[in-house]
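First the proteins, then the strands, lettered A, B, ... as listed; each starts at 1. Values below: every heavy atom of this structure, side chains too, minus hydrogens, waters and symmetry copies. Computed from a predicted structure; not experimentally measured.
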Protein chains: 2
Amino acid sequence: MAHRPIPEPFQRDRHDHQECVSSAVEAAHELCVRRRIRLTELRRRVLELVWGGHAPIGAYDILDTLRGERRSAAPATVYRALDFLLENGLVHRIESLNAFVGCGAPRQAHSGQFLICRACDTVAEIDDGEIAGVLSRNAAKLGFRVDRQTVELTGLCPACADAAG
Amino acid sequence: MAHRPIPEPFQRDRHDHQECVSSAVEAAHELCVRRRIRLTELRRRVLELVWGGHAPIGAYDILDTLRGERRSAAPATVYRALDFLLENGLVHRIESLNAFVGCGAPRQAHSGQFLICRACDTVAEIDDGEIAGVLSRNAAKLGFRVDRQTVELTGLCPACADAAG
DNA sequence: TGTATTTTGTTATGTTATAACATACTATGT
DNA sequence: ACATAGTATGTTATAACATAACAAAATACA
Ligand SMILES: [Zn+2]
Ligand SMILES: [Zn+2]
Ligand SMILES: [Zn+2]
Ligand SMILES: [Zn+2]
């Protein structure tokens with residue numbers, strides 16, 4: 001366990017990313033077994049491609065890779081797989097980038113908050129109860145009932161902030 | 001001054017929307033004079049169209065209207081005007097909808113937070129220092145330096161929440 | 001007036017996402 | 001094993017959103 005609570009994605013030069021991918025696939029597998037839904041070969045593969053790194057990836061970038069492996073691949077192929085993964089909380093969509101990232105702690109119906117480094121493109125998901133709480137509470141004060149929170153913070157990750165001074 | 005702090009957009013059945021539009025245009029005019037930038041006829045008109053209501057409007061919906069008035073209108077016409085308005089904080093982009101809303105309190109470089117009613121499509125911008133503070137602070141704890149905050153809360157506005165029970 | 005700068009016109013293209021219907025696969029009960 | 005219902009994928013077409021590149025016009029200002 002690291003001493004400082006820097007999110008793992010921002011440790012990118014130091015971590016074993018294959019481990020990220022395989023544990024994400026394993027977690028997805030277990031979640032699908034538990035829910036009696038099917039992590040098909042296509043869906044598993046799209047999940048792996050989303051987990052190609054900790055940077056968000058576009059649907060058409062996924063498609064480009066997939067086409068080399070499966071000649072029938074088309075936009076709908078990718079979007080259907082992504083829809084499945086999104087519905088089941090296995091990936092998240094980054095609205096401000098029209099792109100997708102893997103979820104490191106998959107479970108149903110969570111929004112998370114995203115820290116997006118504009119220098120290295122790394123995205124870290126945090127799941128900060130204080131943030132979620134303030135948002136729901138302050139919206140509720142105005143009579144607004146929140147279903148879904150989109151929180152995307154763009155800036156510089158620790159390493160890139162250091163480099164920029 | 002209303003007693004309860006319900007954002008004006010959620011008072012939509014009770015407020016004089018022409019007043020919203022004209023005060024937005026006037027505020028834009030003053031801001032442009034102050035900054036010595038040009039609120040051209042085109043830009044003013046696009047601002048008015050964005051202020052057609054308190055629901056977000058897509059660039060191509062703006063274009064459809066504009067075409068009836070200016071035969072040269074094309075996508076670039078609209079996107080260039082929107083870029084100008086965005087840069088100057090006169091409109092905001094709702095990332096989760098690929099659409100735009102007018103800013104009720106224009107000033108440079110602010111992100112705001114948006115409450116988006118999924119039933120009536122009304123969007124209210126709030127500018128909540130507590131929210132902005134908690135986001136910056138909690139990101140900073142992880143060594144992340146925030147440049148820009150995207151906060152979009154989808155749910156039910158007071159009226160629609162009442163109606164839904 | 002001449003010249004630089006900004007704005008708009010114009011045409012083409014790039015990028016992201018969905019619709020609609022056909023075919024194939026999987027699970028389940030008999 | 002077979003029928004069948006439900007789920008997943010293949011396939012083709014199109015919708016929706018956004019930018020590039022260069023020409024012409026308008027504006028600022030010396
Ligand atoms: Zn990793
Ligand atoms: Zn997550
Ligand atoms: Zn109004
Ligand atoms: Zn604003």
Side-chain angles (χ1 to χ4, degrees), chain A residues 28-29 32-50 55-88 90-101 121 150 152, chain B residues 28-29 32-50 55-88 90-101 121 150 152:
Chain A
H29 175 76
C32 289
V33 168
R34 236 181 300 126
R35 289 193 196 144
R36 292 173 164 70
I37 53 180
R38 281 147 61 190
L39 186 64
T40 61
E41 173 57 21
L42 172 66
R43 291 163 175 176
R44 189 192 57 69
R45 184 63 182 130
V46 170
L47 180 62
E48 279 179 0
L49 294 174
V50 170
I57 185 172
Y60 280 77
D61 292 330
I62 294 169
L63 179 56
D64 285 345
T65 302
L66 208 55
R67 270 198 211 283
E69 307 170 355
R70 178 184 283 251
R71 66 172 171 52
S72 68
T77 314
V78 172
Y79 280 102
R80 285 192 290 225
L82 287 171
D83 285 346
F84 171 87
L85 297 170
L86 286 165
E87 277 164 15
N88 289 286
L90 295 165
V91 307
H92 292 286
R93 181 180 161 79
I94 304 298
E95 300 291 349
S96 58
L97 298 172
N98 295 330
F100 303 84
V101 291
D121 288 335
T150 297
E152 299 174 7
Chain B
H29 175 76
C32 289
V33 169
R34 237 181 299 127
R35 288 194 196 144
R36 293 171 165 69
I37 53 179
R38 282 145 63 187
L39 186 65
T40 61
E41 174 57 22
L42 172 66
R43 290 164 175 175
R44 189 192 57 69
R45 184 63 182 131
V46 170
L47 180 63
E48 278 180 1
L49 293 174
V50 170
I57 185 171
Y60 280 76
D61 292 330
I62 294 169
L63 179 57
D64 285 345
T65 302
L66 207 57
R67 270 197 212 283
E69 306 169 355
R70 179 184 282 252
R71 66 172 170 53
S72 69
T77 314
V78 172
Y79 280 104
R80 285 192 290 226
L82 287 171
D83 286 344
F84 172 86
L85 297 170
L86 286 166
E87 277 164 15
N88 289 286
L90 295 165
V91 306
H92 292 286
R93 181 181 162 78
I94 305 297
E95 299 291 349
S96 57
L97 297 173
N98 295 330
F100 303 84
V101 290
D121 288 335
T150 298
E152 299 174 8

Working note: L42(A) + V46(A), criterion side-chain contact (heavy atoms from CB on, under 4.5 Å); need CA distance, chi angles, decisive distance, verdict. CA-CA 6 Å; L42(A) 172 66; V46(A) 170; 4.2 Å; yes
Could you check how far CG of L63(B) sits from C1' of dA16(D), rounded to whole Å? 12 Å
At under 4.0 Å between heavy atoms, what does A73(B) touch on the DNA or RNA strands: base, sugar-phosphate, or nothing? nothing
The side chain of T40(B) lies closest to which of these nucleotides: dT7(C), dA18(D), dG10(D)? dT7(C)
Identify whether any heavy atom of R36(B) sits under 4.0 Å from a base atom; if not, whether one sits that close to sugar-phosphate; answer base, sugar-phosphate or nothing. nothing
Strictly below 4.0 Å: does R93(A) bring a side-chain N or O up to OP1 or OP2 of dT16(C)? no
Kindly say if R43(A) contacts the phosphate of dA8(D), meaning a side-chain N or O under 4.0 Å from OP1 or OP2. yes
Closest to the A59(A) side chain, choosing from dA17(C), dA18(D), dT10(C): dA17(C)
Quick check: does any side chain N or O of N88(A) sit under 3.5 Å from a backbone N or O of F84(A), one acting as donor and the other as acceptor? yes
For N98(A) and dT15(C), is the shortest distance between a side-chain N/O and OP1 or OP2 below 4.0 Å? no
Go through dA17(C), dT19(D), dT7(C) for me and flag the one nearest to the A76(B) side chain. dT19(D)
Would you say Y79(A) places a side-chain N or O within less than 4.0 Å of OP1 or OP2 belonging to dA17(C)? yes
May I ask you to say whether E95(B) pairs ionically with R93(B), meaning some side-chain N is under 4.0 Å from a carboxylate O? yes
Y60(B) (side chain) and dA15(D) (base): donor-acceptor pair under 3.5 Å: no
Less than 4.0 angstrom from a charged side-chain N to a carboxylate O is my criterion; do R45(B) and E41(B) meet it? no
Is there a side-chain contact between R80(A) and the phosphate of dA8(D), meaning an N or O under 4.0 Å from OP1 or OP2? no
Quick one: I57(B) CD1 to dC17(D) C1', roughly how many Å, whole number? 14 Å
Taking the nucleotide of DNA chain C with the closest heavy atom to each, which residue, R38(B) or R38(A), is nearer the 5' end? R38(B)
R71(A) has a side chain; which of dT11(D), dT8(C), dA17(C) sits nearest to it? dT11(D)
Counting N and O atoms only, with roles assigned by atom type, does the side chain of R43(A) sit under 3.5 Å from a partner on the main chain of A81(A), one being a donor and the other an acceptor? no
